[in-house]
> 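Input: one structure, supplied below.
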Amino acid sequence: MSRFTLHVRISLWLLLFSLGLSVSGFSQNTSTLTITGEVTTPLDLTLQKLSAFKQVSQKVKDRDGKEHEFKGVALIELLEKAGVTTGSKLRGENLAKYVLIKAADGYEVIYSLAEIDPEFASQVIILAIEKDGQPLPAGEGPFRIITPNDKKPARWIREVRSIKVAFAKD
Amino acid sequence: MRRGFKRTKFRTYPSGWFFTGLMACFFLFCGLTHSFENQKPTPYTLRYPANFGGRYTIPEDNPITKEGVYLGRLLFYEKKLSAGNSISCESCHLQKLAFTDGKALSQGADGSLTTRSAMSLANLLWVRNFFWDGRSPNLEQQAAFPLTNVHEMGQPLTESVAKLRQTALYPPLFKAAFGSDIITRDYILKALAQFERTLISSDSRYDRYLAGTYPPTAQELRGMALFQNAPNPQKLIRGANCEHCHGGVKTFKELFHNNGLDSTFSDNGRQNFTNQVEDKGRFRVPTLRNIMLTAPYMHDGRFQRIEQVLDHYNEHILESATLSSFLRDVSNETNGKKLMLTKSEKTDIISFLSMLTDSAFITNPEFSNPHLTLKSQ
């Protein structure tokens with residue numbers, strides 16, 4: 001084997017290796033978020049798919065006591081896309097619907113469907129994907145709920161992995 | 001003939017007994033067939049303190065009954081369910097150790113070692129994702145793993161079914177529990193699950209403290225506060241923040257975290273199940289109930305003593321991409337990187353952990369090996 005081919009081989013390996021690295025580095029981008037339950041169209045969302053929605057942002061004080069600008073998509077838009085009974089359809093038995101949001105670490109929170117609907121609530125709950133112009137860091141992102149009017153950020157659930165709409169059955 | 005009959009009945013002492021015995025057998029037989037054919041199994045009432053909450057699901061096709069629980073208990077202690085009739089669930093889950101085995105890794109029927117440490121079986125009723133990586137959604141499905149896994153009991157379920165069918169003991173018990181004496185794989189799993197749901201530990205000193213019937217010592221109270229509080233040096237609040245993951249009355253929240261044991265992983269934990277890189281090295285937060293009885297600690301049993309666990313959280317948290325953010329830069333000193341608990345604070349926390357030992361649980365005769373009493377009868 002000539003010196004030249006050896007060289008080419010080594011650089012090929014290096015190239016492959018660095019490709020491998022970048023793939024694993026960006027693998028967070030492949031994370032998905034599902035919307036299921038009482039929907040007409042279940043959704044499987046990625047960061048890329050989310051960028052096709054209208055982007056909104058909110059300045060709020062986080063757990064660290066500092067103000068941050070969170071950017072993402074209004075949760076209601078995603079629910080509408082999935083065909084959840086919002087707006088004029090949010091009445092009667094549909095008022096007994098809740099939204100269960102689960103995180104990668106198993107953490108779970110609940111919102112009533114009406115709380116998310118702007119016809120009921122004065123705030124816009126967002127599914128954030130950026131904080132201060134940066135993608136949300138590991139452990140917080142890629143998806144996080146921001147509920148500006150909640151004084152305690154315990155429902156600002158990080159690492160959101162699934163959103164399920166369901167009827168309270170009791 | 002008639003006279004003889006009368007005599008046997010009223011005068012002759014031994015044959016009188018014979019007759020009564022016969023009658024008794026007859027009635028018992030009627031009673032038994034009656035109860036087997038027509039009577040539904042008796043519902044079993046689960047008892048637990050109200051503060052444990054009712055967030056659990058019992059599958060609709062497997063309601064808990066007294067007959068089912070008893071059968072499950074026999075099966076839990078049944079070696080016929082393993083290859084070579086060598087071990088039972090008990091081999092790795094001993095009641096006196098809150099259903100652990102005191103070993104880092106356990107030996108299966110073929111002598112090989114399990115890849116993870118045996119877990120305590122307490123308050124499983126409230127668990128929704130079983131095993132260290134949460135891969136199993138309910139106890140019915142869970143039981144199939146140890147029964148068939150080669151490192152554990154290593155016997156196909158069809159074989160277990162065949163072995164039990166050959167016994168005199170089991171067919172009537174399956175009939176009593178499930179209405180059919182044809183033993184199946186599903187009935188075995190269901191009965192085991194029923195028994196496991198009854199393994200409730202709720203009578204520790206901590207429970208009595210919560211119920212207002214046990215006054216903790218000063219040290220226990222200090223330990224409890226440290227366990228519960230997040231450290232906040234500005235506000236002069238000292239804490240260890242254990243509650244964040246191990247909190248609540250059941251000392252158990254169904255969460256998955258990387259608690260900084262490793263920076264590179266030989267066991268990827270939850271990632272093996274979810275295939276998501278964010279889950280690398282995450283494991284289920286286990287209950288701390290009876291923790292003083294369940295050493296060695298962690299999914300691989302790496303810590304022999306509880307002191308080492310405290311040292312870990314205080315001094316040896318290892319950084320990695322998935323390390324829980326609740327363990328990063330959490331400190332009792334301003335800008336501190338480590339928890340910075342003092343030696344006596346660690347001892348205080350351990351004294352709180354000792355409050356979680358439930359001696360009624362580990363001695364409850366309803367959870368013990370029923371074969372022993374069967375044999376002595």
> Calculate, to the nearest 0.5 Å, the distance between atoms NZ and CG belonging to B:Lys253 and A:Asp105 respectively.
10.0 Å
> Do A:Ser31 and B:Glu278 come within less than 4.5 Å of each other through their side chains, counting heavy atoms only?
yes
> Write down the atom of B:Ala321, the atom of A:Ala138, and the distance for their closest heavy-atom approach.
O-CB, 4.2 Å
> Which pair of non-hydrogen atoms, one from B:Leu255 and one from A:Gly106, has the smallest distance, and what is that distance?
CD2-C, 3.8 Å
> Are A:Glu108 and B:Glu254 packed together at the side-chain level, in the sense that at least one heavy-atom pair is separated by less than 4.5 angstrom?
no
> What part of B:Thr322 lies closer than 4.5 angstrom to a heavy atom of chain A: side chain, backbone, both or neither?
neither
> Checking heavy atoms, do the side chain of B:Arg328, its backbone, both or neither come under 4.5 Å from chain A?
neither
> Among B:His257, B:Arg270, B:Arg284, which residue has the highest count of heavy-atom pairs closer than 4.5 Å to chain A?
B:His257
> Should the heavy atoms of other residues, nucleotides or ligands under 6.0 Å from CG of B:Asn335 be counted, would the total exceed 12?
no
> Are A:Glu159 and B:Gln276 side-chain neighbours, meaning at least one heavy-atom pair lies under 4.5 Å?
no
